[in-house]
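Written below as structure tokens is the structure these notes are about.
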2 protein chains.
Amino acid sequence: MFNKRTRIKDLLSSSTTGQETIVMGWVRTFRNNQFIALNDGSTNNNLQVVAELGLLDEATLKRITTGASLKVTGTVVPSLGKGQTVELKATTIEVLGDSDAEKYPLQPKKHSLEFLREIAHLRFRTNTFGAVFRIRHALAFAVHKFFNEKGFVYLHTPIITSSDAEGAGEMFRVTTLPFDNPPRKEDGSIDFSEDFFGKSTNLTVSGQLEGELGAMAFSEIYTFGPTFRAENSNTTRHLAEFWMIEPEMAFYDIEDNMNLAEEFIQYLIKYVMEHNADDLAFLDQRLAEEEKQKPQNERQEFGLLEKLKFVVDNQFERITYTEAIQILLDSPHYKKKKFKFDVKWGIDMQSEHERYLVEKHFKKPVIVTGYPAAIKAFYMRLNDGCEPGKETVAAMDILAPGIGEIVGGSQREERLEKLEARMKDMHIPAEEMSWYLDTRRYGTVPHAGFGLGFERMVQFVTGMTNIRDVIAFARTPKNCEF
Amino acid sequence: MFNKRTRIKDLLSSSTTGQETIVMGWVRTFRNNQFIALNDGSTNNNLQVVAELGLLDEATLKRITTGASLKVTGTVVPSLGKGQTVELKATTIEVLGDSDAEKYPLQPKKHSLEFLREIAHLRFRTNTFGAVFRIRHALAFAVHKFFNEKGFVYLHTPIITSSDAEGAGEMFRVTTLPFDNPPRKEDGSIDFSEDFFGKSTNLTVSGQLEGELGAMAFSEIYTFGPTFRAENSNTTRHLAEFWMIEPEMAFYDIEDNMNLAEEFIQYLIKYVMEHNADDLAFLDQRLAEEEKQKPQNERQEFGLLEKLKFVVDNQFERITYTEAIQILLDSPHYKKKKFKFDVKWGIDMQSEHERYLVEKHFKKPVIVTGYPAAIKAFYMRLNDGCEPGKETVAAMDILAPGIGEIVGGSQREERLEKLEARMKDMHIPAEEMSWYLDTRRYGTVPHAGFGLGFERMVQFVTGMTNIRDVIAFARTPKNCEF
């Protein structure tokens with residue numbers, strides 16, 4: 001019944017005129033009691049609705065305010081305004097919902113991102129967040145399209161888990177036990193056998209280990225779901241709840257893994273460039289204006305569109321960790337003691353080191369491989385023939401300009417004895433991981449995988465500098481609104 | 001380097017022969033020291049690999065056991081076996097990973113679903129679960145494809161929430177507070193301001209309320225994410241963690257909502273019928289065999305494929321709740337007192353009532369609308385012109401044969417005063433929901449939406465009768481393995 005409207009995106013992209021049509025949307029601006037800029041969220045571009053003088057009575061004219069919702073019937077006519085080919089000459093305008101101009105928080109002016117974060121339930125109605133979340137949608141769809149075309153199976157790995165072996169970070173407890181008077185065992189400790197799942201459970205930090213179980217049957221799988229970190233990090237780069245994509249592939253070594261990750265990232269960017277040109281153009285302009293406010297030496301080298309085009313057109317640089325450390329040691333930056341943290345073989349590179357490599361030295365995305373075993377997870381494959389004390393693993397991190405680590409992955413240790421030895425060294429209880437070890441007991445194969453932080457990818461493509469601005473409702477320490 | 005293999009699905013679906021190729025996969029069976037059935041998870045069909053006598057030494061022959069992983073190089077040749085056009089004549093066979101035939105839990109025989117649930121980490125390697133999870137993948141992809149084509153924006157609504165107004169069920173607490181000696185306020189109650197988010201938080205039961213915020217900007221959005229119920233239901237129909245799809249559309253009334261839901265379900269089924277014909281054929285056969293074990297009067301009327309075709313080809317029945325009650329009251333079943341629960345206007349229909357309507361009376365999916373307001377949620381739109389005491393809301397449930405409720409939805413109450421009155425009646429604190437009410441304060445529009453339980457949809461399409469068999473790793477009371 002209502003669903004006979006034409007989406008504004010479709011209307012604006014067609015060049016036929018003369019037809020009667022119905023549009024519905026929200027008023028962005030109303031000028032001269034005649035020109036309504038109407039938006040329905042299908043595109044950043046507003047439809048100009050022309051209400052000729054005399055069409056509306058005084059009372060209705062007053063109700064057409066920023067934020068009000070309208071149903072407009074009219075005739076599509078060629079537009080004389082610039083930036084649009086058609087507009088709508090209204091025959092009837094019905095106000096579906098009013099918006100008190102005095103109280104509506106979104107005035108037709110520029111609001112700060114900080115302010116908009118406080119009204120995250122309304123910020124989708126702004127140009128910036130409209131563009132960001134349409135791009136987020138396009139990226140999510142492109143993720144599924146990419147893997148579906150390659151025959152990967154999408155696996156929903158569990159969100160609630162009793163396993164905490166991955167060690168990727170602090171975890172949130174999931175429980176139905178009461179804090180007042182929880183059940184206790186004879187020794188006084190909490191009796192989690194009384195909890196909902198009969199044991200202590202947490203929110204997952206990664207679906208990788210379960211993903212490996214899928215890869216050992218379907219060869220190639222991917223996950224795309226929420227993951228969690230209970231870390232008290234109040235930064236522009238961290239969320240307590242974020243979405244991650246984790247492909248896991250049997251019969252892949254570290255090279256295959258890097259090739260897939262690079263192809264994947266380039267595919268995602270290309271997809272958005274093709275499908276969201278208007279949104280990207282808007283964000284490109286937005287970023288350019290933001291950059292102009294900065295002192296010359298802090299400005300980014302590339303504009304947003306330039307950067308994306310560059311990443312799509314150029315291969316990522318591939319270097320070993322050992323080479324990366326050498327580059328840092330040889331850098332003028334190091335010699336002038338400009339790094340805050342020490343540089344030597346064996347360190348877990350800090351953000352400042354990674355940024356130096358991608359932003360100053362290579363000026364493009366860099367894949368670093370062969371990290372010291374000591375700083376990496378137990379499931380990463382030990383490289384053969386390492387010098388004693390300089391053991392490395394077949395890990396890879398992809399570092400992106402402006403973002404830092406965007407992908408972390410590795411070839412997995414498929415050799416049972418080596419995996420067991422590593423787990424023992426790292427005090428990971430093998431009994432609890434028996435299901436995981438079964439994949440190495442029965443038909444083990446070389447395999448690899450990686451994780452892409454989805455929000456960081458959205459940041460990279462949209463140019464938004466605060467991660468809270470690329471997820472609908474951010475969860476961060478002391479903040480769980482909406 | 002490894003990634004030069006041909007996927008078995010691609011190999012079997014091509015008819016060219018004579019080319020050299022590499023395949024990798026897991027041994028399903030090995031007959032006569034010559035014929036290996038190899039599976040790589042890309043399809044339910046095994047590739048027949050022929051190892052001519054003399055190709056392999058005695059030691060290697062012994063290592064080719066069920067579950068072992070192989071890399072095979074060979075020539076594609078026409079096959080004489082039935083059900084396949086090509087096979088692979090091996091030139092080299094390398095055992096990548098052994099599988100101790102004595103210990104490997106998956107023997108080449110039929111295992112019970114109960115047993116396979118206990119080894120859920122290996123069950124993906126069986127024909128049944130291979131088919132189920134490839135279909136689950138296809139359904140998930142079809143969900144995204146359907147909405148993307150219609151211009152809906154995919155919104156990731158939050159998993160951790162401080163809102164508990166939806167009242168859809170019992171919730172899990174998410175916390176980082178210690179059970180031993182949690183912080184307390186002066187009055188002795190737990191001080192959740194010290195918790196990670198500065199307040200008491202839970203796992204979401206639905207993304208709908210946040211979804212509505214998105215629809216008020218993008219017009220049409222959908223969510224597809226995990227949702228949770230901390231209910232102690234140990235049934236074949238309930239999970240503590242499951243995935244739900246929740247579209248939410250501005251400018252839709254209840255009719256538009258029903259039309260969309262019906263089109264959506266038919267689209268999903270058609271997609272799987274087109275893309276997973278082999279998997280469906282296997283499951284059709286499997287179900288037919290299972291049915292044969294049952295007494296005649298318990299058997300289902302339709303086979304799996306018949307049922308799916310019927311649902312795609314026929315419109316869903318649409319009746320009001322009032323009509324549904326009348327049908328039940330008029331039924332021979334009721335007259336013979338065969339219903340366990342009472343039937344009268346006002347009841348929340350039980351599973352037995354819903355099953356009677358779809359399985360006995362209409363024998364097809366049924367959409368029931370106009371439920372009593374008293375048994376439905378606060379956000380559902382009150383129908384105009386109801387008899388006092390017989391108020392109904394513009395709700396709709398879709399009931400499917402063999403599954404019961406598969407979709408629940410409604411037109412939402414867009415009128416601020418009516419919504420506030422309803423919330424007051426139902427003791428829902430308006431202060432905490434101020435962000436939700438803002439959508440009715442500023443440019444409110446008629447809108448509607450529904451939720452589809454993804455696992456129930458997978459059950460419907462695969463014919464699996466226990467919901468634990470259509471999710472990778474089920475979370476149920478006292479069960480959180482893997």
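All chains are named by letter (A, B, ...) in the order of the sequence lines, taking the proteins before the strands, and each is independently numbered beginning at 1.
- When heavy atoms are compared at a cutoff of 4.5 Å, B/N148 approaches chain A by way of both its backbone and its side chain.
- Within the model, atoms OG1 of B/T175 and CZ of A/F179 stand 3.5 Å from one another, a figure rounded to the nearest 0.5 Å.
- Residues satisfying the side-chain contact (heavy atoms from CB on, under 4.5 Å) criterion with B/E194, sequence neighbours excluded, are B/L177, B/P183, B/D191.
- Heavy-atom distances place the side chain of B/L155, and not its backbone, under 4.5 Å from chain A.
- With a 4.5 Å cut-off on side-chain heavy atoms, B/P477 and A/F196 count as touching.
- Among all heavy-atom pairs drawn from A/F224 and B/W243, the shortest one is O-CH2, 4.0 Å.
- Counting only distance, with no hydrogens or angles, the side chain of A/R475 and the backbone of B/I160 share a donor-acceptor pair below 3.5 Å.
- Contact between A/S219 and B/R5 at its shortest, heavy atoms only, is CB-NH2, 3.4 Å.
- B/P226 and A/P226 get closest at one heavy-atom pair: CG-CG, 3.8 Å.
- The aromatic rings of A/F251 and B/W26 sit tilted relative to each other, their planes meeting at an angle between 30° and 60°.
- Using bins of under 30°, 30° to 60° and over 60° for the plane-to-plane angle, the ring pair B/H144/A/H144 lands in the parallel bin.
- For B/A230, the parts lying near chain A are the backbone and the side chain together; criterion is any non-hydrogen pair under 4.5 Å.
- Under the side-chain hydrogen bond (donor to acceptor under 3.5 Å, both in side chains) criterion, A/T176 pairs with A/D195, not counting sequence neighbours.
- Salt-bridge annotation for A/D180 and B/R184: present, with a side-chain N of the basic residue lying under 4.0 Å from a carboxylate O of the acidic one.
- Closest heavy-atom contact between A/F473 and B/P158: CD1-CD, 3.8 Å.
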Report task. In sequence, state the C-alpha distance, the side-chain angles, and the governing distance for B/F172 and A/F172, and then conclude on ring-ring contact (aromatic ring centres under 6.0 Å, His included). Result -> CA-CA 12 Å; B/F172 288 103; A/F172 288 102; over 10 Å; no

Requested in this report: Carefully, step by step, assess B/F141 and A/Y154 under the rule ring-ring contact (aromatic ring centres under 6.0 Å, His included).
Outcome: CA-CA 8 Å; B/F141 186 71; A/Y154 179 27; 9.7 Å; no

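- Proximity to chain B (any heavy atom under 4.5 Å) is restricted, for A/F454, to the side chain, taken from C-beta onward.
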